[in-house]
Every structure is written in structure tokens, then in C-alpha cells.
Amino acid sequence: MRGDTAEAALWSRARDLVRERGIESDGDAGPLFADPPAGIDPEILKRLRQIYEAGGWVLVESAVADLPADLRWLFESGAVTIEQLGAIHRALGVTAVADIADAAAEQKLRTIAGVNADVEAAVVAALPALRARIPRIPLGRAVALAETVLEPLRAAGVAWATPVGSLRRGQDMVGDIEILAPTDQPEAAIEAVLALPSASHVLHRGARRLYVLADRVQIGIRLAEPANAGAELLYLTGSRGHFEALQAHAAAKGWTLKADGLHGADGTFTPAAAEADIYAALGLPVIPPEIRNGDDEVAAASRGALPALVARADIRGDLHMHSTWSDGRDSIDQMVEECVALGYDYLAITDHSPHSAAARNLTADGVKKQADEIARARERFPGIAILHGCEVDILPDGRLDFPDKVLEPLDIVLASLHERAGHSPEQLLNRYAAAMKHPLVTLITHPTNRIVPTRKGYDLDYDRVFALAVETGTVLEIDGAPSHLDMDGGLARRAIAAGVTVSIDSDCHRSEMLGRQMELGLVTARRGWVEARHVLNTRPLADVRRVIAAKRGTP
Ligand code: DGT
């Protein structure tokens with residue numbers, strides 16, 4: 001297959017040959033092409049010719065590096081020559097995989113001069129691997145980067161502006177950042193983005209499209225025609241599996257659903273200003289983007305069985321955050337003040353215990369002093385309930401990292417496996433079991449203990465973890481810290497199906513991130529089909545206290 005590492009190796013060998021001849025600086029590969037080394041692989045010679053025809057590798061490289069990333073990698077895959085890529089781009093205005101896939105599906109590439117059905121087939125074959133060599137972007141960073149562009153777009157008067165693709169679906173790692181914003185005044189929107197100091201470099205500018213580098217990451221902006229922006233949003237949000245399931249559903253109803261929207265059997269086309277128009281025409285409710293993963297969501301929607309996903313308005317408090325008493329950056333007061341601004345009824349300050357790997361930890365003595373500080377904060381902030389808690393480590397032998405007499409006076413205890421201690425999955429499970437059976441432990445934080453994107457979660461038998469949680473009345477967390485997002489959607493869905501109560505927390509270490517990390521936790525929970533009724537911190541404080549007391553056996 002083209003577009004794989006073997007292909008990269010051919011290119012790299014061709015480049016090496018250019019460099020070995022010392023002709024890199026003037027970029028002229030002509031002599032090398034005219035007088036190739038004896039016995040050269042014809043595939044390498046083919047690439048040398050491309051280098052030569054495009055006027056030298058240096059030119060090719062800088063031209064290619066300046067393209068929107070998907071075009072660049074399409075060229076690098078070897079599926080098209082630079083001339084063919086240019087012709088495709090000029091004829092169709094494509095800038096990303098989604099456009100190229102649509103154009104190929106409509107057999108539009110083969111109609112372009114210099115491109116034929118074979119090239120079209122090569123492009124289609126290259127698409128799935130196109131992003132394989134591009135580092136994916138963690139959701140937290142992608143959300144932050146997108147926000148920098150969404151705000152000026154909205155201020156420039158677009159009808160609405162939203163990320164599309166895996167970012168809108170809340171996937172934990174996203175391939176690219178693209179934003180859709182319908183407007184009748186694309187120029188004004190483009191100027192607003194270009195005025196950003198972070199928009200350092202323009203990769204592509206068309207009448208209704210802009211690709212810029214911001215903080216070294218590509219952001220694509222599509223300024224759609226408002227009349228059909230809903231259709232565009234639906235296609236670009238994907239996922240591919242979801243769109244294909246909708247296409248099958250549409251076909252059964254006599255429609256043809258394409259990237260540009262709904263086509264009737266009689267050839268009529270119905271533009272859609274909003275996604276809801278298309279779902280409605282298909283007899284479906286709008287399916288939330290977070291569950292458009294091509295699983296069973298279209299089937300569920302067609303039998304009226306979509307979940308009422310938990311939303312920000314359901315959240316009454318945040319049960320996991322850190323202060324300067326451990327590795328948080330801000331004081332208790334600063335954290336509380338922000339929670340008040342977020343409209344919460346309650347929060348828990350849950351700093352780390354002595355054996356945590358955090359930069360700073362609570363001591364037993366510190367817990368007492370912290371209690372005094374929390375008492376003072378309660379006086380200063382009477383409108384919000386401040387729970388004094390702790391995120392206590394589960395030690396290698398399954399005991400907790402504070403004696404019971406330190407934990408007993410606390411309002412809530414969260415337990416966490418921060419340190420694997422070289423243990424097997426079975427041993428880790430035993431540690432969880434011991435902690436969950438402890439009456440003082442209300443909640444297990446970030447259960448898989450993964451680090452996005454560098455560390456996979458523990459390979460545990462999670463069905464047993466869920467059974468233990470149900471049996472012991474222990475809550476499992478969906479942690480919204482961008483490096484955790486743990487449990488992820490798939491696991492959260494299994495947890496609630498097993499009857500587990502979850503909490504959605506920020507695990508925040510900086511007051512200004514409290515809101516965003518709660519949002520990331522919510523998106524992750526929604527990906528798991530979680531409803532408000534499954535979530536502890538959608539409940540009034542009295543109910544939360546009842547859950548804690550029930551576990552402690554002190555109702
Ligand atoms: P990513 O960016 O790699 O995390 O994944 P997505 O889902 O954001 O995919 P992307 O950016 O390549 O394209 C955005 C959406 O466009 C995708 O979710 C569905 C649609 N799309 C892209 N390629 C295809 C395709 O080959 N067929 C179909 N039906 N839809 C596609």
C-alpha cells in the first residue's frame with residue numbers, strides 16, 4: 001500500500017541521493033536524474049524525477065511544508081505528484097482528508113486534467129494512513145487552541161462557530177483542528193483571525209477558507225454558506241461510521257445522504273442550515289456529537305432510546321481538586337472563589353497524601369491545619385459548601401496512606417492508585433478491592449491511571465472493578481484533567497451499564513482551569529452515554545453526604 005513507511009523510505013533514499021551529490025543547496029536534481037546511479041530502484045528514480053520536475057527538492061520541500069497538512073501528507077504518500085496535487089487543489093478547493101474523500105467518492109478527481117482513475121484509486125488507498133505520521137493533539141490542548149480562534153470568529157459576527165471532527169466529538173486525542181463558522185461575510189471573519197498574534201503563518205487562504213499555524217499547530221477555518229452549513233457540519237463532525245450509518249438509514253427512507261446533504265429520489269436537493277434539519281428529515285432526534293462514533297447510536301435514535309446525556313447544567317459541585325496544601329498552584333480561597341463563580345453548590349478540597357508522587361503532599365499534621373483554613377474559608381464563602389477531603393494513595397499492600405484517625409474527620413475521602421509498584425493486574429485489582437472495601441473511601445479517582453498521551457491505563461479486569469464498586473457502594477470517577485480523561489467514554493459506558501455510580505470531577509490544580517476541566521470531564525462522560533442520574537455530583541449535597549455516610553455505616 002502507498003502512504004506507508006516503505007513509501008517514506010523511498011522518498012528518504014531519493015533525498016539522500018540528492019544530498020550525497022551535494023546538490024541540495026541549489027536544489028537542482030536534474031543532473032542526478034539525467035545520470036542516475038547504476039541499478040537504481042525505478043521507484044526511487046520516479047521520485048527523483050518528481051524532485052527534478054518540481055524544480056529541486058529544496059523548492060518542493062518548502063512548497064510542500066507550506067501546504068495544509070493533509071495535502072502535504074497526500075503528496076508525501078506518493079499517491080500524487082506535486083502537479084497532480086496542485087491540479088486537484090485548484091479544481092476542487094480541497095484542503096483536508098474529508099474533502100478529498102468526498103471528491104473521490106463522487107469520482108471527481110478522475111475528471112481533472114492530469115489525474116485519472118488510477119490516481120484516484122491511489123489517493124483513496126492513501127487516505128486512511130495519511131495522518132499516521134502526524135502527531136495527534138491531546139484534547140485539552142486542541143480545545144484551548146480552538147478557543148483562541150472561536151472567540152474572534154464569534155466577535156466578527158459569524159452565525160455560529162464550532163469545531164468539527166474528532167474535536168467536536170470529544171475524542172481524547174484529535175488528528176486536526178478544524179472550525180466551521182457560517183457567515184455571509186467571510187472576509188471579515190478571515191481578517192479577525194489573521195489579526196490574532198498567535199496566527200503566525202498562513203498556509204492557505206481562499207474566499208471561504210483559512211488555514212493558519214497557531215502555536216505551531218494547524219487550525220483550519222471553514223466559513224460556510226449559511227444556507228447549507230448544517231449539512232457541512234454533519235459531514236465534517238463524522239465520525240465516518242456515524243455518517244455511514246446515517247447514509248444507510250437515509251437510503252431506507254428513500255433519500256441519498258451525501259457530504260453536501262440530502263438528495264431526494266427525484267433528484268431534488270434540500271439544503272440544511274442546521275444539522276437538526278437533516279436528522280428531522282430522517283425522522284431522528286439530533287444525536288449528540290459525543291456519541292456519533294458509529295456504534296449503535298443511530299439504531300438507538302431510531303427506536304427512541306437515545307440517552308439524555310449529562311450536561312453542564314446538571315453539575316452541582318466538583319469533588320476533586322488540589323490546593324497549595326499539595327501540588328495545586330492556588331490557595332483554597334482561590335479555588336473556592338472560582339467554584340462560586342461557576343455556580344456550584346459544593347466542592348471538595350482533596351489534596352494528596354504523603355506517599356503520592358506529587359511535588360508537595362499533605363502530612364497528618366497538615367490535615368489538621370488545613371481543617372482550620374477550611375473553617376475560615378467557610379466563613380468567607382457562606383454560599384457554597386466546602387467539603388474537606390483528601391486524595392489518599394492506595395499503598396502497595398492495599399492500605400491507605402493515612403491512618404483512619406486522620407481520615408475519619410474528613411468529609412470525603414478519594415482513593416487513588418498513583419504508584420503501580422511493579423504489580424501485576426491481579427495485584428492492582430487486589431489493591432483496588434482493599435480500598436473499595438474500606439468504609440471511609442467514597443470514590444476511586446482516575447481508575448485506569450492512564451496518562452494521555454504517554455501511558456496506557458492499567459490492563460485490569462474492569463468488569464470485576466465495576467462489580468466491586470457496586471458491591472461496596474464505591475463511586476468511580478470520570479476525571480476531566482486533560483492528562484487523565486479517565487474513565488474514558490468506552491469504559492464509563494460499561495461502568496454505568498454495570499450499575500456503577502460515577503462522579504465527574506475536574507481534578508484541577510489551577511483555579512482558572514476548574515471550568516474547562518469540568519467540561520472535559522463532561523464531554524468524556526457524554527461519550528460514555530452517561531446521564532445525570534448516574535452521576536453523584538449532579539445530586540444535592542444532602543444526597544452526596546448520604547452516599548458517604550452509607551458507605552461509612554454511619555447514616
Ligand atoms: P481525526 O481528525 O483523525 O481525529 O478524525 P476526524 O474524525 O476528525 O476525521 P477527519 O478530520 O479526517 O474528517 C472529519 C470528518 O469528515 C470525519 O469525522 C468524517 C468525515 N470524513 C473524513 N473522511 C471520510 C471518508 O473517507 N468517508 C466519510 N464518509 N467521511 C469522511
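Each ligand, and each atom within it, is numbered from 1 in the order the structure gives. We number each residue from 1, following the sequence as shown.
Listed by number with element, the atoms of ligand 1 under 4.0 angstrom from any heavy atom of Ala101 are 23 (N), 24 (C), 25 (C), 26 (O). Contact atoms of ligand 1 toward Arg169: 7 (O), 18 (O) (distance under 4.0 Å to a heavy atom of the residue). Counting atoms of ligand 1 from 1 in the listed order, those under 4.0 Å from a heavy atom of Arg136 are 1 (P), 3 (O), 4 (O). Heavy-atom proximity to Gly165, at under 4.0 Å, picks out these atoms of ligand 1: 8 (O).
Ligand 1 has Thr237 within reach: a non-hydrogen atom of the residue lies less than 4.0 Å from it. Residue Leu127 places no heavy atom under 4.0 Å from ligand 1.
Side chain of Glu290 to backbone of Gly170: no donor-acceptor contact under 3.5 angstrom is found. A donor-acceptor pair under 3.5 Å is formed between the side chain of Gln247 and the backbone N or O of Leu257. Proximity of a side-chain donor or acceptor of Arg209 to a complementary backbone N or O of Val94 within less than 3.5 Å is not detected. The backbone N or O of His484 sits nowhere less than 3.5 Å from a side-chain atom of Asp479 that would complete a donor-acceptor pair.
The residue among Arg292, Arg240, His242, Lys258 with a heavy atom at the shortest distance from atom 28 (C) of ligand 1 is Arg240. Here the shortest heavy-atom distance to atom 8 (O) of ligand 1, taken over Ser166, Ala98, Gly294, belongs to Ser166.
Relative ring orientation between His322 and His509 is described as parallel, the plane-to-plane angle staying below 30° on a 0-90° scale split at 30° and 60°.
Neither the backbone nor the side chain of Glu178 has any atom closer than 4.0 Å to an atom of ligand 1 (non-hydrogen atoms only).
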(message) Evaluate Glu391 against His446 for side-chain hydrogen bond (donor to acceptor under 3.5 Å, both in side chains), listing each step before the verdict.
(response) CA-CA 11 Å; Glu391 184 184 10; His446 45 72; 3.3 Å; yes

(request) Show your reasoning for whether salt bridge (charged side-chain N to carboxylate O under 4.0 Å, His left out) applies to Arg205 and Glu191. (result) CA-CA 11 Å; Arg205 179 178 179 162; Glu191 291 306 328; 2.9 Å; yes

(message) Go through it in stages, so that I can follow the logic: the residues are Arg131 and Asp70, the test is salt bridge (charged side-chain N to carboxylate O under 4.0 Å, His left out), and I'd like the CA-CA distance, side-chain angles, deciding distance and then a yes or no.
(response) CA-CA 7 Å; Arg131 299 232 175 102; Asp70 286 354; 2.8 Å; yes

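Comment: Arg527 does not engage Asp488 in a salt bridge, judged by the lack of any side-chain N to carboxylate O separation of less than 4.0 angstrom.
Given atom 17 (C) of ligand 1, the protein heavy atom at minimum distance is Gly238 CA, 4.0 Å. Protein heavy atom closest to atom 14 (C) of ligand 1, with residue, atom name and distance, is Leu236 O, 3.3 Å. Scanning all protein heavy atoms for the shortest distance to atom 30 (N) of ligand 1 gives Tyr235 CE1, 3.4 Å. Protein heavy atom at the shortest distance from atom 2 (O) of ligand 1 is Arg131 NH1, 2.7 Å.
Residue Ser239 has no nitrogen or oxygen atom sitting less than 3.5 Å from a nitrogen or oxygen atom of ligand 1, judged on distance alone.
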